[in-house]
Every structure is written in C-alpha cells, then in structure tokens.
Amino acid sequence: MSDITYLSAGLSSVGTPTLWAVTIVGVLVLLVLDFVVTRRPHEVTMKEAIGWSAFYVALPLAFGGWVWSRYGSQQGVEYLTGYLVEKSLSVDNLFVFMLLLAAFAVPSALAQRVLLYGIAGALVLRGVFIALGAAALQTLDFAFLLFAIILLLTAVKLLRDALSGHEQEVDIANMRSVRLLRKFMPVTDEYHGPNMTVRLKNGKRALTPMALVVVAVLATDVVFAVDSVPAVYGITEDPYLVFATNAFALLGLRALYFVLHAALSRLVHLSYGLAVILAFIGLKLGLHWAHGIWPGVPEIPTLASLGVIIGVLVIVTLTSLRATRKAESGLPEVVERRQ
C-alpha cells in the first residue's frame, strides 16, 4: 500500500498539483468532446446511448482500480463508495431533467445539448462547493455536524415529498429564474435550434425557450450540489476524491439519460432509497464528529457504508419494479407515481 499523500489546506489528499491538473484537463477534454458530438442536433439512438454509457462506466471503474493499486484499499473503497453515492444521486438529477425537458417541450434533437449544459454547470458548481467544503473542514470544528444536519434535513424532505405523492414536481411558472428572465427580455414561442437568442423583425433580441430550459436546469444544479457534496464528504475527506467522484458521476449523465429514460418513471421508490442513503451518511458524519470529541463513540467503516448503500439501491429497485408491474397488471396496490 502506498503512503503517498499530499497535504493541501491542512487536509490529507492523494491529489498532488500534477494529478489535479491532469484530472481537470481530462474533464475539460471530455466535455469538449461531448459538445463536439452534440454540435449537430440529432435524436440519440439507443445504440449510441449504450455505447457512450458503457464508456462512462468503464472509465471511472478503471480509474478506481488505478486509485486502489496506487494508493491502497482504503482510498480505493472510499472512491468507489463515493462514486456509487454520487451516481445514485445523479439518477435523481436525471429525473428532474426529464421533467424539465417535458415541461418545456424540448425537441428530442435538442435534448442532449440541454443535458450537456446542465452537466457543465453542475461540474462548475460542484467544484465551488467542494472547495467551500474543504475550507469548512479545515476551519470549522463542527463542519461534519453541519454536513450531517444538511443531509438529515434533505432526507426528511425527500421522505415527506415521497409520502405525500408530490415528489419531484416542476412548476415552470413559479421558477424564480424563469420569471426573472421574462422580465428583462421577450421570449419566442418556438425553438430555433440550439440558439438561445434570436433577433426579431424589429431588430430586438429575444430569448428562445432553449435559454429558459437551460437556466432552469442550471438552477436545479445548485440544489443538487448542496446535497451531493456533503454526502460524498461523508464517505471521504479527501477533496481530490470528492471531485473525482462528482466529475465521473456527472460526465456520463447525457448518455445515461437516454438509456434510462423509459426506466426512470418505473423507479417509483427511488426517493425513499435516496432518503435512507442520505440519512445514513448524515448519521455517519454525526458519529464521526462525535468521535473526535468523545473517542468512545463508534464510527461506521467505509466498507460497511458501501454495503448499506448497495443494499438500499438493490431493494428500492426491486420494490419499484414489483410495484409498477402490479400497477400495470391491475392488481390492487397503491403506487405513488411521479407526475
């Protein structure tokens, strides 16, 4: 096992300046590649979506293998657990993106470009929140407790929304970002390809619905960043691994959306599972904070966390599929369907 670590801002990290630079450049190259692929609007075929999804699953797994062999099993397990948490939360992102695309009636040929803008925005926001999280861990003794409270409150909200049957609803008319844009510029009724603005006959500039949906997607990115960054800090305190797990989880969302588009509506119990996962990680963070004050307080090992997260995801997937099958067959079972 390698003992190589790099102390950055008082935190122990495997991320040397060179590794950070290579990783950031690699992420930018993949983003540019995605923009090149989507430069000409077209409907994504299942073959294309599966191919890109396989690539974006193989890449982070290969990277995880490299982390494991280079830095040891502890960092390897932390990376894989963090990646699984972020990938699970990203599926919830996809469902909201699906609702937004439907609400704005985005043409299928433009869907992947909208998703790509959302992914690029999410990466920037995650980077900012990761830096803020690292600063908080360095300067605030109660940072872990604060993160734990954020996750527990988020878990309660997810559970409450799921039980009330109003989970993940999107009301465009009441979105502040959309209302603000409409106050400053006129908006056309039709899409004009990937263009976000067009010039009207009177010479004035107007926004297209494309601009509205992109802003709406970016606004939701802020909310998801508040949840996801503390969640992965509950798995590892290494800022580099936190960034790597977020980046790899987000980069494959464009292709994964088209693979899971039909299946997303069948995951009716997903919010319950995410609520359990976030609450569990919140408990793990709370115990970690308490352990620093009272050494007798037990901590939850990362490997145990990995087992719990996998178990929860398997259970909610199986129960979701069972519930939707019974609903479709007409058997008497009440299923809260996402609207």
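The side chain to side chain donor-acceptor pair (under 3.5 Å) check on T236 picks up E78, with sequence neighbours excluded. Listed by chain and residue number, nothing satisfies the side chain to side chain donor-acceptor pair (under 3.5 Å) test with T317 (two or more places apart in sequence, or in another chain). Remark: F248 pairs with F63 by the ring-ring contact (aromatic ring centres under 6.0 Å, His included) rule, at least two apart or across chains. T188 meets the side chain to side chain donor-acceptor pair (under 3.5 Å) test with no other residue; sequence neighbours excluded. By the ring-ring contact (aromatic ring centres under 6.0 Å, His included) test, F142 pairs with no residue at all, sequence neighbours left out. Listed by chain and residue number, nothing satisfies the ring-ring contact (aromatic ring centres under 6.0 Å, His included) test with F97 (two or more places apart in sequence, or in another chain). Residues passing the side chain to side chain donor-acceptor pair (under 3.5 Å) test with Y240 are T23, sequence neighbours excluded.
Contact check for S88 versus L274: side-chain heavy atoms found under the 4.5 Å cut-off. Here the side chains of L30 and Y56 are in contact, with some heavy-atom distance below 4.5 Å. In this structure, the side chains of R205 and M185 come closer than 4.5 Å at one or more pairs of heavy atoms. Within the 4.5 Å cutoff, side-chain heavy atoms of L123 are placed close to those of L31. Considering only heavy atoms from C-beta on, R160 comes within 4.5 Å of V156 through its side chain. Counting only heavy atoms from C-beta outward, the side chains of Q75 and R70 never approach each other to under 4.5 Å. Counting only heavy atoms from C-beta outward, the side chains of I235 and T81 approach each other to under 4.5 Å. Looking at V37 and W52, their side chains come closer than 4.5 Å, going by heavy atoms from C-beta outward.
A continuous path of hydrophobic side-chain contacts links L146 to I293 [ILVMFWY only; heavy atoms under 4.5 Å]. The hydrophobic cluster containing V242 also contains W289, counting ILVMFWY residues as joined when their side-chain heavy atoms lie under 4.5 angstrom apart, directly or transitively.
Under the salt bridge (Lys or Arg N to Asp or Glu O under 4.0 Å) criterion, the residue pairs touching residues 118-131 are E86-R126, with sequence neighbours excluded. Contacts classified as salt bridge (Lys or Arg N to Asp or Glu O under 4.0 Å) and involving residues 46-57 (residues at least two apart or in different chains) are not found. Residue pairs meeting the salt bridge (Lys or Arg N to Asp or Glu O under 4.0 Å) criterion with at least one member in residues 17-37, sequence neighbours excluded, are D34-R254. Under the ring pair (Phe, Tyr, Trp, His ring centres under 6.0 Å) criterion, the residue pairs touching residues 106-134 are F35-Y117, with sequence neighbours excluded.
Between W66 and Y71, the ring centre distance stays below 6.0 Å.
Checked options V308, L89, V312; the residue passing with I277 is V312 (criterion: side chain to side chain contact (heavy atoms under 4.5 Å, CB included)). A side chain to side chain contact (heavy atoms under 4.5 Å, CB included) with Y257 is found for exactly one of I119, V114, L115, namely L115. Between L125 and the options V229, D221, I130, a side chain to side chain contact (heavy atoms under 4.5 Å, CB included) holds for only D221.
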F243 and W20: CA distance, side-chain angles, deciding distance, ring-ring contact (aromatic ring centres under 6.0 Å, His included) verdict
CA-CA 9 Å; F243 176 78; W20 271 104; 5.6 Å; yes

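Taking OH from Y233 and CG from D238, the interatomic distance works out to 8.5 Å, rounded to the nearest 0.5 Å.
Judged purely by atom type and a 3.5 angstrom limit, H291 has no side-chain atom pairing as donor or acceptor with the backbone of P298. With S53 contributing its side chain and I50 its backbone, the two residues share no donor-acceptor pair below 3.5 Å.
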Between side-chain atoms of residues 207-214 and protein atoms elsewhere (two or more places apart, or another chain), which donor-acceptor pairs fall under 3.5 Å?
| residue | atom | partner | partner atom | Å |
| --- | --- | --- | --- | --- |
| T208 | OG1 | N195 | O | 2.7 |
| T208 | OG1 | M196 | O | 3.4 |
| T208 | OG1 | M210 | N | 3.3 |

